[in-house]
Amino acid sequence: MAYAVPAPAQTVLPVRGSEAMFPVGRIFCVGRNYAEHTREMGHDPDREPPFFFMKPATSIVAGGGDMPYPPGTADLHHEMELVAAIGTGGRDISEEDALSHVFGYAAGLDMTRRDLQDFAKQHGRPWEVGKAFDHAAPCSSVTMASEIGHPETGAVRLHVNGTLRQDGDISQMIWSLPEVIAHISVLFALMPGDLIMTGTPAGVAGVSPGDRLKGEVEGVGRIEVKVV
C-alpha cells in the first residue's frame with residue numbers, strides 16, 4: 001500500500017521476560033479514582049459514575065528515561081498510576097469477565113500541565129491541552145498477567161529527588177479495574193493494545209527541569225524519569 005505521507009511508527013512498550021513488544025493504541029485515563037486525591041483537588045469523593053479522558057499513543061515515554069519539560073506551562077504535575085494493558089478487545093464487557101481481557105500491567109505517570117487543566121475546567125473546555133501533550137505518559141515495561149495474576153492490592157509510590165511524594169495502594173481505588181473496564185466498554189469498543197491508566201493516589205505536586213522521579217507499583221513494575 002502506498003501512503004500519501006509517511007505512516008507514523010507504531011508506539012510500543014517492552015514486555016518483561018519476552019522479546020515481543022506490546023503495541024500501544026489508545027490510552028484511557030480514569031479521573032478522580034482515589035478519594036484522598038479527589039479531596040486534594042477540591043472535589044467530593046462520593047462514588048459517582050467514573051469519567052474518562054484520553055492521551056494519544058505519542059504521549060508514551062517507553063521504559064522511562066528523559067522527559068522533556070513541556071511548553072506552555074509553569075506547573076507540571078506528576079500522577080503515579082497502575083496501568084492495565086488490554087490484550088483482548090470487546091464491547092459491553094461484564095465485570096465478571098473483565099480481567100480476562102487484560103494482557104498485563106505496568107507502572108505509569110500521568111503527567112499534567114495543571115495550570116492549563118485548571119484553566120480548561122474553569123472555562124468549561126476540554127482537558128487535552130493539560131493532559132494529552134507529547135511525553136505525557138512515561139510508562140514501564142508491561143508485566144504479563146500470566147506471571148503476576150491480577151493485583152488487587154499493592155503500594156503505588158513516587159519519590160521525587162529521593163523524597164516520598166505519593167504513597168497509596170491499589171486497594172484504595174474508588175472504582176476497581178473490572179468496574180472501570182465494564183464502564184469503558186459500554187462507551188467504546190476496547191481493542192488489543194489499549195492502555196487504561198487507573199487513577200492516582202494523593203500527593204500530586206509540581207516538578208521542574210532536573211528533577212528525578214522514581215515510581216513503582218508494587219509487584220508490577222518501576223519507572224524512573226528525569227525531567228529535562
Side-chain angles (χ1 to χ4, degrees), residues 10-13 15 22-35 37-38 41 43-60 79-112 117 120-121 126-133 136-140 142-146 148-154 156 168-201 217 220-221:
Q10 172 67 58
T11 300
V12 297
L13 288 172
V15 176
F22 184 87
V24 177
R26 299 167 296 180
I27 305 173
F28 295 94
C29 305
V30 187
R32 302 175 197 158
N33 203 25
Y34 285 75
H37 172 60
T38 301
M41 299 305 293
H43 300 282
D44 190 333
D46 285 347
R47 202 167 187 266
E48 298 177 350
F51 70 94
F52 310 98
F53 57 92
M54 297 178 71
K55 294 177 183 277
T58 52
S59 291
I60 290 289
E79 298 190 15
M80 189 68 211
E81 313 203 359
L82 170 71
V83 182
I86 298 298
T88 305
R91 183 184 288 278
D92 296 323
I93 298 168
S94 69
E95 292 179 27
E96 294 73 22
D97 190 44
L99 295 181
S100 68
H101 292 259
V102 178
F103 171 81
Y105 297 91
L109 282 160
D110 167 17
M111 302 302 294
T112 303
Q117 183 197 29
K121 289 178 181 178
W127 288 12
E128 278 85 354
V129 294
K131 290 285 192 178
F133 52 93
C139 194
S140 74
V142 176
T143 301
M144 291 182 283
S146 60
I148 62 170
H150 299 283
E152 296 180 355
T153 63
V156 181
D169 195 279
I170 296 168
S171 62
Q172 297 169 342
M173 288 196 294
I174 296 170
W175 293 94
S176 69
L177 181 58
E179 292 171 322
V180 166
I181 290 172
H183 274 281
I184 292 176
S185 71
V186 170
L187 301 170
F188 303 89
L190 281 170
M191 300 171 62
D194 287 341
L195 298 179
I196 300 174
M197 303 190 79
T198 59
T200 194
V217 178
V220 171

Heavy-atom closest contact ([X] atom, [Y] atom, distance):
X: Ile93; Y: Ala98; value: CG2-CA, 3.7 Å
X: Arg32; Y: Ile174; value: O-CD1, 3.7 Å
X: Leu177; Y: Ala84; value: CD2-CB, 3.8 Å

Which value, rounded to the nearest 0.5 Å, describes the distance between [X] atom [atom1] and [Y] atom [atom2]?
X: Ser59; Y: Met111; atom1: OG; atom2: CE; answer: 11.5 Å
X: Asn33; Y: Thr200; atom1: CG; atom2: OG1; answer: 10.0 Å
X: Cys29; Y: Glu79; atom1: SG; atom2: CD; answer: 9.0 Å
X: Thr153; Y: Asp169; atom1: OG1; atom2: CG; answer: 6.0 Å
X: Phe103; Y: Leu195; atom1: CZ; atom2: CG; answer: 11.5 Å
X: Asp194; Y: Thr88; atom1: CG; atom2: OG1; answer: 11.5 Å

Does the side chain of [X] reach to within under 4.5 Å of the side chain of [Y], using non-hydrogen atoms?
X: Ile184; Y: Phe52; answer: yes
X: Val102; Y: His150; answer: yes
X: His101; Y: Leu190; answer: no
X: Phe53; Y: Glu128; answer: no

- When the ring centroid of Phe188 is compared with that of Phe28, is the distance short of 6.0 Å?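 Centroid distance Phe188-Phe28: below 6.0 Å, so yes.
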- Examine distances only and state if a side-chain atom of Gln10 and a backbone atom of Val24 form a donor-acceptor pair shorter than 3.5 Å.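 The answer is yes, because a donor-acceptor pair under 3.5 Å joins these two groups.
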- Do side-chain atoms of Thr198 reach the backbone of Val83 as a donor and acceptor pair under 3.5 angstrom?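 A pair under 3.5 Å: no.
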- Residue pairs involving residues 93-111 (criterion salt bridge (Lys or Arg N to Asp or Glu O under 4.0 Å); sequence neighbours excluded): Lys55-Asp110, Asp110-Lys131
- Contacts of type side chain to side chain donor-acceptor pair (under 3.5 Å), residue Thr58, not counting sequence neighbours: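 Scan of Thr58 (side chain to side chain donor-acceptor pair (under 3.5 Å), adjacent residues dropped) gives none.
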- Message: Checking Met80 against Val217 for the side-chain contact (heavy atoms from CB on, under 4.5 Å) test, could you report, in this order, the C-alpha distance in whole Å, the side-chain angles of both residues, the deciding distance, and whether it holds?
- Response: CA-CA 8 Å; Met80 189 68 211; Val217 178; 4.3 Å; yes
